Structure formats: C-alpha cells, structure tokens
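Heads up, the thing below is written out as structure tokens.
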Amino acid sequence: MRKDNKKEISRRRFLKVSASAAATASVAGNTQILYALTTKGSAKSTGVQSNIEKKFSLCDMCFNKCGLIARVEDGIVKKLDPNPKVLKSRGMLCARGNAGIQRVYDPDRLKYPLLRKGARGEGKWQRLSWDQALDLAAEKLEKIGGEYTRCGTLFMAGSDMQSKFVHRFAEAYGSYNIISHESNCLVSRNRAFLDTYGEMPIPDVLNSKYIIMPGSNRFEALVTPDSIDLMSAIRKECKLVVIDPRYTKTAAMAHEWYAIKPGTDMAFLLALMHVMIDEKIYNTDFVKNKTNGFAELTQHVKKYSPRWAEKECQIPAAAIARMARELAAAAPAAMVYPGRRTSDYTDSTQIRRANAIVNALLGNWDQPGGFVVAQKIHLGNIPFEPDFYEDNPDDRVDVNRSPMMFDTEGAYKHARDAVIEGNPYPIKAFFTYKTNPMQTGANRQKTIEMINRLDFMLSIDIMMSDTAWMADLVLPAASYLERMDPYATQQGVSTGPCLVTRDPVIKPMFESKSALWIVRELARRLDLGMHFDFTMKQFKEAQIKKHPEAVKAIKKDGVYHQKSKVYGRYDGKPFKTLSKKVELFSKRYADAELDPMPVYKRPKKIPSGRFQLVVGRSAAITQGSTTNNKLLRELVSENELWLHPDSAEKLGIRNGDRVLVSSVVGKQKIRARLTREIRKDTVYMDTGFGVLSKGLTSVFGSGACIAELLEDRFDYISGNMAMHETLVSVRKI
Amino acid sequence: MKFGKFIKSILTSIVLITILGSSSLYAKEGNARKGKYLFRKYCRECHTDGATGDRAGKALSPIDKTQAEWDKIFKSYKSLACADQWDKRKAKDIKDIYAHLWGHAFDSPSPAKCE
C-alpha cells in the first residue's frame with residue numbers, strides 16, 4: 001500500500017481542511033464568504049441560531065452524478081451526504097463526492113473572465129468584464145466564421161448536464177464539428193455492442209452469479225451502481241474473476257486473478273467461445289432463435305483453443321476451459337463484464353465484439369444477472385430551427401479517418417490531426433466546455449501543436465485546467481452546487497430508470513456563470529438569440545411537462561423513479577440490427593471490408609528493457625479534474641510509476657527513486673513504486689498529474705503527465721484513442 | 001395544381017423512386033449535415049412534441065425508424081397526409097433530409113441521440 005493511503009482522514013479533519021481551503025478562496029476574492037467560514041464569524045459563536053438547510057443535488061466529481069444532500073449553513077455548504085433515495089447510486093457518496101465541497105471553495109476557482117496577454121501557456125492574463133469577454137468572443141467567432149466558414153470552429157464539451165446547450169449553440173452558430181470526450185474513453189465498447197446487439201446494454205451486476213472482468217477495475221474506477229452492486233454480489237454467491245496485468249483493488253477482492261499479457265484479451269475471449277461451442281454448453285435456444293451467424297462463428301473459433309490461447313495471453317489453458325464451463329453453468333445470470341473505458345488497443349472494437357459475442361453465447365440478454373436494456377424517460381425539449389450555412393463544407397473535419405466513427409461523438413484524435421494538417425479544411429477556433437484534452441488526450445505535445453495552429457481558443461471551466469491554460473479567453477463557470485441544471489435520466493439497472501436534476505444549493509460565487517447563460521449571451525451578440533429565448537426554468541418546464549408526478553417526487557426525495565419492467569423487455573421484439581438478431585457475424589463489417597468476426601492479431605513483442613504503459617484509475621482521482629483538490633490530495637498527492645521489483649533490480653532502481661520514463665513522443669520524471677502488483681513487462685501510473693497550469697496551485701509540480709508519454713494510436717474502426725499501445729523505457733535519474 | 005408544380009412533383013417522385021433503389025448510394029449523395037437543418041426547418045414544425053393545428057403529427061427523430069422504414073416512407077411519401085408539403089421541397093432538399101434520417105436511423109451505424 002502506498003504511503004498516502006495509510007493516512008486516515010477523520011470527519012473532523014476533513015471538514016477542517018475544507019473550511020480552511022474555503023477561507024483561502026475567500027481571501028482570493030470574496031471576503032463575505034471568508035467571514036462566514038471563520039469560527040469568529042459563524043453564527044454559532046455569536047449565539048445566533050444558524051439557518052441550516054438540507055438541499056438535494058447531484059455529485060459532479062466524476063461522470064456518475066450520484067444523489068447527494070448538501071447541508072447548508074447560512075448560505076455556506078458545510079457537508080455533503082449521500083441521498084439514500086437515489087437508488088442508482090445505492091445511497092453512496094464516495095471519497096471524491098465527499099470532497100466536492102472543496103471543488104466549490106477551492107481558492108484556485110476561476111473568478112472572472114481572463115484574456116491571455118503573453119505567449120500561450122505563459123500564464124499572463126488580463127481581467128475582463130463579462131461584457132468585454134463576450135463581445136470579444138462574439139467578434140472572433142464572427143470573423144473566423146466569415147473567413148473559414150462556421151465549421152472552422154471546433155466545439156468540445158465534456159460530460160455535463162449543460163453540455164447540451166453548448167451543442168445547441170454550436171449548431172445555431174452553424175458548425176457541425178462537435179466532439180465529445182467519449183472518443184478518449186469508451187466509443188469502441190459502444191461501437192462493438194451496438195454492432196452486435198443494436199444497442200449498448202447495462203450489466204445487471206447485482207444479480208449475477210459469475211462475472212469475468214477483463215481489464216475493468218470496478219472497485220477503483222467507480223461506476224454506480226456497478227461498483228456497489230459488485231461488492232453486494234460477491235458477498236452473496238457471485239464468483240468474480242479479474243483479468244488484468246495489474247493486481248488492482250478489484251483483483252484483490254476477486255476469487256481469481258490472472259495477470260494477462262497486455263493486448264491479448266481477445267485470445268482469451270475467443271478461447272472461451274471455442275470451449276462453449278466445442279462442448280455445446282452455450283444457450284442453444286438463444287443462439288438458435290436470436291442470433292445470426294452461428295455457423296460462421298463455429299468455424300471461425302475452431303482454431304482458437306485454450307491451449308493456443310495460453311501461449312498468447314499466458315492464462316493456463318485448463319483455467320480458461322474451466323472458466324468457460326463455470327460461466328455457462330451460471331448463465332444466464334453470468335457475464336463477461338463489458339467495461340467502460342476501452343481506449344486501449346488499435347483493435348479495441350474487435351476486442352469488445354469478442355466480449356459481446358461470448359455474452360451472446362451465454363444468452364444473458366434481457367435476463368436477471370445478465371444484460372439489461374437501458375431505458376429512457378422521455379423528456380420534452382424546446383426545439384429550434386437554425387439556418388444552414390451554404391458555404392460550409394460537406395462533412396465533419398474528422399470524417400473518413402475511421403470507417404465506423406460515431407457521427408454524434410466524433411473522434412478527438414482525428415479532429416486534432418485534421419486541425420494540425422489543415423485537412424480537409426482549416427479549423428481556426430476551438431471552443432471547450434468543462435473538458436480537458438490536454439490531460440485526457442494521448443500525446444500532449446500534439447494537443448499543444450493543434451492549439452498553436454488556432455487563431456482563437458475559448459475555454460469555459462471552473463478551474464484553470466491545462467486546457468484552459470492554453471486558451472486565449474477563459475470564462476469562469478458556476479460549479480455544480482451553484483447552478484440549476486436540466487432534468488436527466490439515470491439508469492439504476494435492477495431498480496429501473498429515474499429522473500434527476502440540480503437546483504442551486506448556494507448562489508454562484510465570484511463572477512461565475514452557467515454554460516447556458518454564457519452561450520445565450522454569445523448567441524445574442526451573434527444575432528442567434530432566437531435559439532436561446534428561454535430561461536433554464538422554462539427549459540425544465542418544457543422537459544417535465546408530461547411528468548407532473550416527477551416534479552413532486554423530486555421536490556420530496558431529490559429523485560423520481562419510474563416503475564417499469566426491467567427484464568424481458570425484448571420478448572417478441574427484434575434486435576435493432578440489420579438482421580434483427582444478435583450479429584455474431586456482422587454483414588455491415590463485411591461490407592465495409594472489416595473482419596465480420598473478431599480475428600486475433602498478436603501484439604508486438606515487448607523488447608527487453610522496455611515496458612508496456614497501461615492506463616487505469618485510483619478511486620480518489622477523476623483525471624485532471626480532481627488532482628488539485630486538497631482533500632483528495634491527502635489520499636493521493638502525486639502519481640508513481642508501478643514497476644515490478646525484478647525489473648527494477650535490472651535497472652538499478654530502488655523504491656522511491658526518481659526515474660525518467662521515455663516513449664517515442666515524450667519524457668516524464670516520476671517516483672518509482674516497486675510492487676509485485678504488476679507484471680514484469682508492464683508499468684502503470686495514475687492520470688491527472690504533471691500539470692502545466694500554474695493556476696492549479698496544489699497539484700502543480702506533482703508527479704508526471706501520462707498524456708505526455710502516450711502515443712496517439714487509435715482503434716481503426718471507431719477512432720477511439722488507443723492508450724495501451726505505448727512502450728516506454730525507464731532509467732534512474 | 002398548376003402545370004409547373006405538377007411537373008416539379010412528378011420529377012421529385014421520379015428522382016426519389018429511381019435513386020431509392022440503392023439506398024446507401026442515395027444516402028451518400030445527399031448531404032446529411034444539411035439534411036439535419038432542413039429536417040428541423042421543414043418537418044419539425046408539425047413532427048414535434050406539443051405541435052398544434054391540423055397538421056400536428058407524431059414527434060419524429062431519425063431513430064424512430066429503421067433504415068428500411070425510412071426507405072419505405074420516402075418511396076411512398078405520396079400516401080402521407082403531408083405529401084403536399086413534400087412536393088413543395090426541391091428534390092435536392094429531400095435527398096439531404098433522407099441522408100440525415102437514413103444515416104442516423106434506429107439500426108444505422110450512428111443512431112441519432114435523443115434531443
């Protein structure tokens with residue numbers, strides 16, 4: 001266990017740190033809040049009754065949006081607790097969620113609009129008024145739109161409940177170059193499951209009896225409800241097998257762990273199929289009635305025996321065969337877990353196709369303990385009819401670089417290359433909202449190169465992230481506890497879908513504004529105001545019009561659960577694929593000259609003295625968005641390079657030594673952590689450190705940036721970034 | 001119907017029937033990007049939640065139909081209650097709208113996101 005993890009944080013200390021951080025924030029910009037937070041200034045010490053309120057909200061420390069209750073005293077958030085009524089988060093709020101108070105009162109919060117004055121990344125800024133900032137942004141967008149068409153501006157918004165308004169603004173402005181964070185995360189998984197089942201299912205972990213988890217680390221890379229359900233499941237009768245080059249905390253809790261050779265997951269999955277088909281232990285009814293291409297698959301996997309797979313993935317053949325039998329015996333309440341982030345290999349879509357196909361053989365679709373169909377609660381909208389700009393190019397800038405890229409997500413890797421190359425057309429402006437590709441996009445130097453090609457870059461964020469640090473104009477966003485957000489559907493898996501929302505817990509501090517306010521003001525200046533002729537309250541009324549019962553429930557409990565059938569929703573219904581069945585063989589892939597079934601390609605041998613760098617998660621870190629948080633820094637203050645002691649010995653490296661890690665794209669200095677919890681040919685480090693932004697005063701100077709080291713390879717089908725394809729060398733400094 | 005309009009309507013139908021024989025080709029020929037804007041402009045007025053008036057239709061999005069269903073609709077649009085509205089559009093506009101709807105259909109490789 002690392003040193004930092006041994007530090008126990010008591011609740012009292014937690015609140016003390018929070019309050020002191022908040023006080024510093026106040027010094028930086030708001031004396032009223034400073035007064036409210038100090039002991040002297042508190043109502044308690046003056047004998048006056050505090051005004052204590054409890055308000056519902058949703059966490060924003062990662063993408064999960066768990067339900068919470070904020071305790072607010074005299075307008076100051078004092079404590080965040082889980083909302084037990086929100087079944088999706090199973091009444092849980094993790095360490096990051098608890099530390100959300102520090103996000104709001106972080107002294108490094110952006111407080112007012114800033115205009116870059118020095119060179120990019122130099123950190124010289126001039127304070128602007130909102131009017132000055134918005135006038136300037138509108139003028140730049142107008143000018144670039146005129147010179148390079150409206151598609152000459154690239155928009156990128158992170159996972160946020162107000163990102164939809166940034167997308168709306170992009171469309172009203174006339175650009176269809178809108179990319180999400182997802183191509184740095186999970187699009188290859190979605191691609192594979194959509195192309196197999198017609199949609200992305202959600203795993204019913206709670207009711208599963210047997211789970212194989214290849215590459216997922218659910219007890220650290222938290223996903224609600226899966227992480228909590230997994231703990232509940234294994235406490236009952238569920239068997240958990242983890243396949244991972246690292247001995248993660250999930251591996252530590254598993255019944256079995258296999259340190260698979262990186263890049264060979266498909267060999268393991270194909271061998272599972274081989275055994276199930278060879279021994280006829282697959283779900284015959286499901287395969288016969290609901291799948292397409294079983295005959296082709298039977299032929300295809302004949303050569304992929306467990307004995308063959310053992311040589312590839314280094315998992316014993318007998319164990320593979322046993323796992324296949326145990327999985328099949330537990331089916332349909334069994335699964336190979338689909339995972340979340342799949343930005344790993346250049347054939348990551350095909351690896352997840354293999355995952356999807358094993359599950360199809362189990363017949364676990366729409367079954368308890370298997371895969372559940374995601375359900376939407378239909379919400380209203382305020383429609384808009386923007387104009388089309390006839391001089392716009394025919395398509396997106398990142399088009400034709402991967403055959404099956406999602407139009408609705410785009411691909412960061414491809415868009416960035418397109419901007420650098422100026423091909424197929426120039427992009428001269430970049431508009432970001434709450435996303436940080438400087439930290440999340442592999443090959444940071446390329447992101448810098450892209451930004452240096454721009455005439456104008458605007459970033460809306462809460463903090464001076466590395467991405468904001470590179471911008472021309474930085475606009476301060478309101479944090480999640482300060483703003484009203486639209487309604488959204490969440491998936492509780494076995495508990496069905498629910499509706500959630502955010503209302504302000506406290507008033508926005510400093511000069512921070514919501515994304516809706518910012519894009520509305522920009523739209524007004526660009527004569528596009530008609531597309532934003534509504535307040536957030538009006539938008540929410542339009543959304544919820546058909547669900548008056550939800551309004552009451554949310555007011556009472558902070559959540560509305562819709563009673564609905566969870567299993568058997570596909571009874572008698574066709575799958576949303578071309579064949580209307582589960583596509584073991586994909587005709588669409590065959591037509592696109594892609595392998596219609598997953599074909600294993602052996603990864604390149606790792607040369608002696610070099611290591612495969614893998615990406616993963618700590619439960620205390622959401623990449624660069626939380627590493628500056630002082631409360632969480634008490635858990636993980638900097639990242640370290642996980643290195644096996646036997647490998648370290650050959651390099652003369654001891655535990656705690658500073659080492660230089662080098663790849664073909666970059667170098668970083670980091671402290672070595674010698675551990676047997678990783679393979680000898682693999683190294684690992686947490687994300688979110690080694691920041692460039694001096695506006696992140698807590699984390700600046702800590703650890704190394706993994707994005708600086710990672711090569712920007714990509715999944716050839718979906719355009720998902722492939723972040724496990726980088727080899728590094730390590731030497732003692 | 002005036003002769004000019006009649007001819008235009010016939011030509012639109014011919015273009016649609018001819019090219020819809022090979023749907024994906026047709027989708028490639030149309031500009032899906034522009035089609036999204038045109039769909040909103042010309043179709044959403046009636047095909048949206050809360051639409052009122054004689055022509056109020058069911059809310060529509062590309063994912064409400066499969067590619068085959070969109071093919072069918074575009075081939076037989078004459079039987080729709082709003083056929084006269086289709087006839088008012090240029091053949092190119094209809095092609096663009098089709099490219100958007102077909103390209104982001106329920107069973108397409110890139111289904112539209114709910115709005």
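Protein chains get the first letters and strands the later ones, always in sequence-line order, with residue 1 at the start of each. As the structure is a prediction and not an experimental result, all values here were calculated from the model.
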Legend entry - Segment of A:K546 engaging chain B (4.5 angstrom heavy-atom cut-off): side chain

Inset, instruction - Determine the option with the most heavy-atom pairs under 4.5 angstrom with chain A, choosing from B:Y42, B:F106, B:Y37. - result: B:Y37

Legend entry - Ring centres under 6.0 angstrom apart (A:Y570, A:F575): yes

Inset, instruction - Run the salt-bridge test on A:R191 and A:D195 with the 4.0 Å N-O cut-off and return the result as yes or no. - result: yes

Legend entry - Contacts of residues 385-400 of chain A with chain B (heavy atom under 4.5 Å): A:E385, A:P386, A:D387, A:F388, A:E390, A:D394, A:D395, A:R396

Inset, instruction - Run the salt-bridge test on B:R40 and B:E45 with the 4.0 Å N-O cut-off and return the result as yes or no. - result: no

Legend entry - Point-to-point distance, once rounded to the nearest 0.5 Å, from NE2 of A:H414 to CG of A:N720: 9.5 Å

Inset, instruction - Would you mind telling me which of B:Q67, B:K34, B:R33 has the largest number of heavy-atom pairs within less than 4.5 Å of chain A? - result: B:R33

Legend entry - Qualifying residues under side-chain contact (heavy atoms from CB on, under 4.5 Å), relative to A:S183, sequence neighbours excluded: A:V187, A:A411, A:Y412

Legend entry - Heavy-atom pairs under 4.5 Å with chain B, option from A:K164, A:M404, A:M405, A:E409 with the top count: A:E409

Inset, instruction - Under the side-chain contact (heavy atoms from CB on, under 4.5 Å) rule, collect the residues that match up with A:A170, sequence neighbours excluded. - result: A:F155, A:I178

Legend entry - Set of salt bridge (charged side-chain N to carboxylate O under 4.0 Å, His left out) partners for A:K573, sequence neighbours left out: none

Inset, instruction - Please check if any side-chain donor atom of A:D160 sits under 3.5 Å from a side-chain acceptor atom of A:S163, or the reverse. - result: no

